[in-house]
Protein chains: 2
Amino acid sequence: MLDNTDIRILEELSKNSRITMKELGKKVHLTGPAASARVMKLEDSGVIEGYTIKVNPVKLGYFVHAFITVITQSTYHQPYLLFLETQKQYVINNYKISGDGCYLLECKFPSNEEMNQFLEELNEQANYKLSIVIKK
Amino acid sequence: MLDNTDIRILEELSKNSRITMKELGKKVHLTGPAASARVMKLEDSGVIEGYTIKVNPVKLGYFVHAFITVITQSTYHQPYLLFLETQKQYVINNYKISGDGCYLLECKFPSNEEMNQFLEELNEQANYKLSIVIKK
DNA sequence: TTCATTCCTTTCATTAATAAAGTAAAAAGG
DNA sequence: CCTTTTTACTTTATTAATGAAAGGAATGAA
């Protein structure tokens with residue numbers, strides 16, 4: 001399915017997705033059109049799901065990065081999920097997990113105050129355990 | 001520092017970082033060169049840290065996505081961190097956290113067998129609690 | 001008021017993307 | 001075994017985007 005050249009293309013695009021097809025081709029020993037065709041195939045087959053940027057959260061004013069293990073009070077998760085919909089600005093990822101808890105919720109907050117506000121509202125829907133990221 | 005146009009540029013690039021500057025300009029009501037200049041400023045100021053792709057892990061053969069809460073046995077973390085260096089192919093992120101445990105380790109595995117192998121080796125350096133992602 | 005700065009547009013030269021045609025090698029089928 | 005098809009690539013030519021330069025309008029400082 002994927003040969004070595006495809007893997008190298010994925011590596012290069014992971015490092016810099018705005019690279020020109022000509023440059024990408026040079027890196028993997030192909031011409032521009034050939035690299036472009038490979039990339040298009042990777043898109044069509046769903047290996048490449050999209051092109052995005054890495055943003056510095058601190059520069060955007062998000063200083064707190066937290067993982068919250070969520071244990072919903074009832075087996076009915078809808079209230080929790082609806083609550084999350086209203087708090088999208090804080091949510092990075094919400095993983096449904098097996099293990100300790102029902103969800104692992106990854107969030108970013110501008111301050112501890114806003115996080116506290118969020119947690120108090122969350123607590124109406126679910127219990128939680130909080131882990132703050134110190135360093136990545 | 002960042003005005004509304006900058007925010008919209010970041011949103012557009014998050015959705016598709018390979019968009020042309022001309023197209024990006026159209027979306028935020030600027031000309032190509034103006035959009036390009038804005039983006040360059042965002043890069044120089046460190047708001048945009050890089051351009052990357054979203055890859056489908058399943059299509060790459062990684063079927064298991066796990067979060068592992070790591071509790072190192074000694075206060076000396078080096079053995080654990082050195083172990084991770086040897087297991088880079090599985091590691092997505094390693095967050096140093098305050099809260100429950102010392103680290104939150106995000107990993108991907110091709111199979112439960114390989115994860116089990118990993119966990120057995122990890123267990124020589126640290127205790128852990130495992131959470132498997134069912135759904136994102 | 002005057003000067004400098006910022007942020008933009010317009011224009012144009014350079015460069016890249018894309019479509020089309022052609023080639024060579026591998027795979028499929030009679 | 002030979003023919004046909006398919007795949008993956010290159011080359012060429014057209015189209016489109018980038019990036020540099022010049023200039024204008026609005027803002028703010030001296």
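Each chain gets a letter, A, B and so on, in the order its sequence line appears, and its residues count up from 1. Just so you know, these numbers come straight off a predicted model, no measurement behind them.
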Pairing of A:Lys15 and A:Glu12 as salt bridge, 4.0 angstrom limit:
yes

Mind checking who shares a hydrophobic cluster with A:Val133, ILVMFWY linked at side-chain heavy-atom distances under 4.5 Å?
A:Phe67, A:Tyr95, A:Ile97, A:Leu104, B:Phe67, B:Tyr95, B:Ile97, B:Leu104, B:Val133

What is the distance, rounded to the nearest whole Å, between atom CZ of B:Arg38 and atom P of C:dT6?
14 Å

Flag for B:Tyr90-B:Glu114: side-chain donor and acceptor within less than 3.5 Å:
yes

Bend across the helix from C:dT1-D:dA30 to C:dG30-D:dC1, to 10°, with axes taken over 5 pairs at each end?
30°

Residues passing the salt bridge (charged side-chain N to carboxylate O under 4.0 Å, His left out) test with A:Asp44, sequence neighbours excluded, are none

Report, as a single string ordered 5' to 3', how protein heavy atoms within less than 4.0 Å touch nucleotides 9-23 of chain C: B base, S sugar-phosphate only, - not at all.
BB-----SSB-----

Please identify each residue that fulfils side chain to side chain contact (heavy atoms under 4.5 Å, CB included) with A:Lys129, with sequence neighbours left out.
A:Thr69, A:Asp100, B:Asp100, B:Lys129

Would you please name every residue forming a salt bridge (charged side-chain N to carboxylate O under 4.0 Å, His left out) with A:Lys88, sequence neighbours left out?
A:Glu85

Residues that B:Lys96 engages under salt bridge (charged side-chain N to carboxylate O under 4.0 Å, His left out), provided they are two or more places apart:
none

Nearest whole Å is fine: how far is D:dT18 P from B:Glu43 CD?
13 Å

Among residues at least two apart in sequence or on other chains, which ones pass side chain to side chain contact (heavy atoms under 4.5 Å, CB included) with B:Phe83?
B:Thr86, B:Gln87, B:Phe118, B:Glu121, B:Leu122, B:Gln125

Length of the CG-P vector between B:Asp44 and C:dC7, whole Å:
13 Å

Suppose we screen for side chain to side chain donor-acceptor pair (under 3.5 Å). Which residues come up paired with B:Asn123, at least two apart in sequence or across chains?
none

Quick one, which residues of residues 45-54 of chain A touch DNA chain D with a heavy atom under 4.0 Å?
none

Tell me: CE of A:Met1 to P of D:dA8, nearest whole Å?
11 Å

Is B:Ile7 isolated, or which residues cluster with it under the ILVMFWY side-chain rule of less than 4.5 Å, directly or via members?
A:Ile53, A:Val55, A:Leu60, A:Tyr62, B:Met1, B:Leu2, B:Ile9, B:Leu10, B:Leu13, B:Ile19, B:Met21, B:Leu24, B:Val28, B:Leu30, B:Val39, B:Leu42, B:Val47, B:Ile48, B:Tyr51

Which residues pass the salt bridge (charged side-chain N to carboxylate O under 4.0 Å, His left out) test with A:Glu120, not counting sequence neighbours?
none

When you check the phosphate oxygens OP1 and OP2 of D:dT7, does a side-chain N or O of A:Lys41 lie under 4.0 Å from one of them?
no

